[in-house]
Peer 1: 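Questions regarding the structure given below will be posed in turn.
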Amino acid sequence: MSKITQIICLLALLLLQLFMPLRVAAMPLLNDMYKHGEGEMSFLFWTLYKAELYSSQPDFDIKRYPQALKITYLRDISQQDLIEATQKQWQELGLNLPDEDQWLKDLGTIWPDVNEGDVITLIVDEQQVSHFYLSNNNDVTTLGRFDNQVFGSSFLAIWLSKNTSRPELRTQLIGYE
């Protein structure tokens with residue numbers, strides 16, 4: 001190998017090491033999951049977000065985990081509005097959630113105000129532990145987790161329950177009724 005080729009290879013390795021952290025930081029959380037569907041949520045004239053549903057299996061089963069819901073925000077939304085919308089949806093579903101008040105309080109400690117382009121992803125793992133992540137500017141940040149096994153299914157029910165307030169979005173996410 002010539003001296004010039006060795007120098008080029010060395011420079012390429014150095015550049016690769018410099019940019020590797022950027023690549024890792026931008027790496028998607030959902031690489032090993034199957035995307036089942038996506039849809040947008042609109043209110044009046046505004047599209048608020050795009051939602052995508054993932055699971056570990058090519059055929060979606062609402063009772064099988066891991067599952068993930070990725071929400072890409074298309075508008076700025078305050079943390080308080082996110083929490084109030086979550087509470088409203090749980091109430092409309094008629095869910096009897098003894099821990100609801102504590103969950104809403106905990107969401108207030110981990111959820112940020114979101115800006116257009118921010119992505120919040122919920123991954124409910126095999127043990128039904130719920131993990132929230134924020135992606136923006138190619139960085140992924142862990143927001144927090146809920147160890148309560150009921151939380152993940154209750155949160156996902158906002159989109160996946162047969163009684164959801166957005167049945168068209170549900171159908172787009174899971175692909176069937």
Peer 1: Answer yes if the side chains of Q172 and E168 hold a donor-acceptor pair under 3.5 Å, and no otherwise.
Peer 2: no
Peer 1: Are V150 and L156 grouped together when hydrophobic residues (ILVMFWY) are joined by side-chain heavy atoms under 4.5 angstrom apart?
Peer 2: yes
Peer 1: Can you tell if the side chain of I71 reaches within under 4.5 Å of the side chain of T121, non-hydrogen atoms only?
Peer 2: no
Peer 1: Looking only at heavy atoms, which two atoms of A51 and L69 are closest? And how far apart?
Peer 2: CB-CD1, 4.3 Å
Peer 1: Could you note down all residue pairs passing side-chain hydrogen bond (donor to acceptor under 3.5 Å, both in side chains) where residues 145-161 supplies at least one of them, sequence neighbours left out?
Peer 2: Y49-W159, D99-N148, R145-D147
Peer 1: Side-chain donor-acceptor contacts of residues 100-112 below 3.5 Å, not counting sequence neighbours, with atom names and distances?
Peer 2:
{"from": "Q102", "atom 1": "NE2", "to": "D106", "atom 2": "OD1", "distance (Å)": "2.7"}
{"from": "T109", "atom 1": "OG1", "to": "D106", "atom 2": "O", "distance (Å)": "2.6"}

Peer 1: With sequence neighbours excluded, tell me which residues meet ring pair (Phe, Tyr, Trp, His ring centres under 6.0 Å) with Y65.
Peer 2: none
Peer 1: Evaluate the side-chain proximity of D76 to D113: yes if any heavy-atom separation is below 4.5 Å, no if none is.
Peer 2: no
Peer 1: Tell me which pairs pass side-chain hydrogen bond (donor to acceptor under 3.5 Å, both in side chains) where either residue lies in residues 88-98, with sequence neighbours left out.
Peer 2: Q89-S165
Peer 1: When you group the ILVMFWY residues by side-chain heavy-atom contacts below 4.5 Å and let the links chain together, are V119 and V114 in the same group?
Peer 2: no
Peer 1: Under the side chain to side chain donor-acceptor pair (under 3.5 Å) rule, collect the residues that match up with T142, sequence neighbours excluded.
Peer 2: none
Peer 1: Could you give me the CA-CA distance, side-chain angles and deciding distance for Y73 and N115, then say whether side-chain contact (heavy atoms from CB on, under 4.5 Å) is met?
Peer 2: CA-CA 7 Å; Y73 290 91; N115 298 304; over 6 Å; no
Peer 1: Does F146 reach the side chain of V129, with side-chain heavy atoms less than 4.5 Å apart?
Peer 2: no
Peer 1: I want to check something: taking the side chain as every heavy atom from C-beta on, are I174 and L53 in contact at a cut-off of under 4.5 Å?
Peer 2: yes
Peer 1: Pairs in or reaching into residues 122-132: which pass salt bridge (charged side-chain N to carboxylate O under 4.0 Å, His left out), with residues at least two apart or in two chains?
Peer 2: none
Peer 1: Heavy atoms only: give me the nearest V124-G152 pair and the separation to one decimal.
Peer 2: CG2-CA, 3.9 Å
Peer 1: With a 3.5 Å distance limit and no angle check, can you tell me whether S78 reaches the backbone of D81 through a side-chain donor-acceptor pair?
Peer 2: yes
Peer 1: Any chain of hydrophobic side-chain contacts (each under 4.5 Å) joining L143 to L122?
Peer 2: yes
Peer 1: For residues L173 and L74: do they belong to one hydrophobic cluster (side chain heavy atoms under 4.5 Å, members Ile, Leu, Val, Met, Phe, Trp, Tyr)?
Peer 2: no
Peer 1: Kindly indicate whether the side chain of F60, heavy atoms from C-beta on, has any atom under 4.5 Å from the side chain of Q67.
Peer 2: yes
Peer 1: Quick one: does H131's side chain get under 4.5 Å of Y133's, heavy atoms only?
Peer 2: yes
Peer 1: Side-chain polar contacts of residues 32-42 - donor-acceptor pairs under 3.5 angstrom, sequence neighbours left out - could you list them?
Peer 2:
{"from": "K35", "atom 1": "NZ", "to": "E38", "atom 2": "OE1", "distance (Å)": "2.3"}
{"from": "K35", "atom 1": "NZ", "to": "E52", "atom 2": "OE1", "distance (Å)": "3.2"}
{"from": "H36", "atom 1": "NE2", "to": "S55", "atom 2": "OG", "distance (Å)": "2.7"}
{"from": "H36", "atom 1": "NE2", "to": "Q57", "atom 2": "O", "distance (Å)": "3.1"}
{"from": "S42", "atom 1": "OG", "to": "T47", "atom 2": "OG1", "distance (Å)": "3.2"}

Peer 1: Looking at every heavy atom in both A68 and I123, which two are closest together, and how far apart are they?
Peer 2: CB-CG1, 3.9 Å
Peer 1: Within this structure, what is the CG-CG distance for the pair L134 and D139, rounded to the nearest 0.5 Å?
Peer 2: 9.5 Å
Peer 1: Under the rule for salt bridge (Lys or Arg N to Asp or Glu O under 4.0 Å), what residues qualify as partners of R64, not counting sequence neighbours?
Peer 2: D59
Peer 1: Check for a donor-acceptor pair, side chain of R170 on one end and backbone N or O of L160 on the other, with a separation under 3.5 Å.
Peer 2: yes
Peer 1: Output all residues satisfying side chain to side chain contact (heavy atoms under 4.5 Å, CB included) with F45, sequence neighbours left out; order by chain, then residue number.
Peer 2: none
